[in-house]
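What follows is a single structure, written as structure tokens, with notes after it.
Here is the naming used below: chain letters follow the sequence lines, and residue numbers restart at 1 for every chain. Atoms considered below: every heavy atom in the structure, side chains included; atoms not considered: hydrogens, waters and symmetry mates. Quick caveat, the model's predicted, so the values are computed rather than measured.
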Amino acid sequence: MKHSVRQEQGVSIVELRGDVDLESSPDARKLLLDCVQRKMPVVVDLSGVSYIDSSGIASLVESFQLARTKGSEFSLAAVSESAMRVLKLARLDTVFKIHPTLKDGLSHGG
Amino acid sequence: MSSLTSFHFRGAELARLEIPARAARLREFRDAIKKHLKKAGCGEQEIHDVVLAVDEACQNIIRHAYGGETDQPIVLEIRRDGPKFILYLRDFADPVEIDKIKSRDLSDVKPGGLGVHFIHEVMDQVTITPLDKGEGNVITLVKNVQ
């Protein structure tokens, strides 16, 4: 399943789907970093993520850190149960800004 | 794998799986493990966690033990010993230096280095056994189920 990017309300929405693993996380990383480089707020929709591993989490952390150095917004939204389990294992559920829904993320401008 | 004379395997074998050490083959490995654990009566959270641990261990085998993708095999035996699921994951790389395999400090937020932490966090027991030269390494992952 392909990951995708779209713009809505001045926010880049990165939708990650399926398994974000050692094979697919390089594509996810590239999408995320490209979006952050544009200096628009970024919301990552994780509702369609059925599995994420440490390489996928590393892509999110790297993008989050790049956004911070650029002073732009970076947040997660609609995190699937499987992805939330892994974020909690990494103690990152309190580091990322996490919106319960994508709509909520957009209304907060990322 | 059970033919190894220098290693003691516990429990009754539920499944034996083998893939080449390639990222593109990990998804089918995960799906097969899920299927066997579900058949053996594991709950959804236990299945997710065991699959995550095996997947992270496989990534470490690919990246560090083999030094990159290769057609060399990764072999998994899933065994059950009473309330314990025991997973033996074997590679055929040079013996690993156990002292170099460590979790990192999570308060330092940075990309990477989480795999070993995940494995230890979700499994009840983790052991790495370097075998005799040429025989590879065995990672033993134990999960106690309710």
Side-chain angles (χ1 to χ4, degrees), chain A residues 1-3 16-33 36 42 44 46 48-69 74-76 79-98, chain B residues 19-35 37 43-66 68-70 74 101-123 126:
Chain A
M1 235 182 275
K2 293 276 184 188
H3 310 307
L16 301 184
R17 299 192 195 105
D19 290 9
V20 188
D21 65 358
L22 188 62
E23 183 188 18
S24 74
S25 63
D27 290 340
R29 175 179 178 271
K30 186 173 183 311
L31 272 185
L32 289 163
L33 292 175
V36 173
V42 174
V44 188
L46 295 176
V49 171
S50 47
Y51 176 81
I52 189 164
D53 68 7
S54 61
S55 68
I57 296 293
S59 300
L60 293 173
V61 171
E62 187 179 0
S63 305
F64 165 74
Q65 290 185 321
L66 180 63
R68 204 159 52 177
T69 62
F74 183 94
S75 61
L76 311 181
V79 180
S80 68
E81 193 180 335
S82 172
M84 185 58 87
R85 168 72 176 154
V86 181
L87 285 169
K88 285 182 176 174
L89 287 171
R91 317 278 192 267
L92 290 169
D93 55 314
T94 54
V95 173
F96 286 111
K97 186 191 285 184
I98 299 177
Chain B
I19 53 162
R22 296 200 171 275
R25 301 297 297 274
L26 290 177
R27 183 184 309 216
E28 72 184 65
F29 212 37
R30 293 194 299 268
D31 289 345
I33 297 163
K34 272 183 216 169
K35 186 186 80 178
L37 292 176
E44 286 297 319
Q45 171 105 24
E46 288 159 343
I47 292 173
H48 174 272
D49 287 354
V50 171
V51 165
L52 179 68
V54 173
D55 191 45
E56 295 292 348
C58 287
Q59 292 184 41
N60 285 340
I61 290 171
I62 294 171
R63 286 169 159 166
H64 305 299
Y66 282 135
E69 293 196 290
T70 168
I74 298 174
I101 303 168
K102 290 175 187 164
S103 295
R104 69 166 172 80
D105 178 10
L106 294 187
S107 63
D108 181 14
V109 178
K110 61 182 183 183
L114 288 168
V116 174
H117 166 75
F118 287 165
I119 295 169
H120 283 275
E121 190 81 355
V122 300
M123 301 306 289
V126 180

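Within the model, atoms CZ of B/R22 and CG of A/L22 stand 12.0 Å from one another, a figure rounded to the nearest 0.5 Å. Atoms CG and CG, on A/D19 and B/D31 in that order, are 7.0 Å from each other to the nearest 0.5 Å.
Atom CD of B/E28 has more than 12 neighbouring heavy atoms from other residues, nucleotides or ligands inside a 6.0 Å radius.
For A/I52, the part lying under 4.5 angstrom from a heavy atom of chain B is the backbone only. Only the side chain of A/Q65 comes within contact range of chain B, with at least one heavy atom under 4.5 Å from a heavy atom of that chain. Neither the backbone nor the side chain of B/E44 comes within less than 4.5 Å of any heavy atom of chain A. With a 4.5 Å cut-off on non-hydrogen atoms, B/R30 touches chain A through its side chain but not through its backbone.
The shortest heavy-atom contact between B/F118 and A/D53 is CE1-C, 4.5 Å. Minimum heavy-atom separation, B/H48 to A/R85: CE1-CG, 3.6 Å.
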Show the numbers, then the answer: is there a salt bridge (Lys or Arg N to Asp or Glu O under 4.0 Å) between B/E121 and A/K88? CA-CA 11 Å; B/E121 190 81 355; A/K88 285 182 176 174; over 6 Å; no
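Panel note: side chain B/H117, backbone A/L89; a donor-acceptor pair is recorded below 3.5 Å.
By the 4.5 Å heavy-atom criterion applied to side chains, A/S55 and B/R63 are counted as neighbours.
Each of B/V116, B/L114, B/L52 was evaluated against A/S54; a single residue qualifies, B/L114, per the side-chain contact (heavy atoms from CB on, under 4.5 Å) test.
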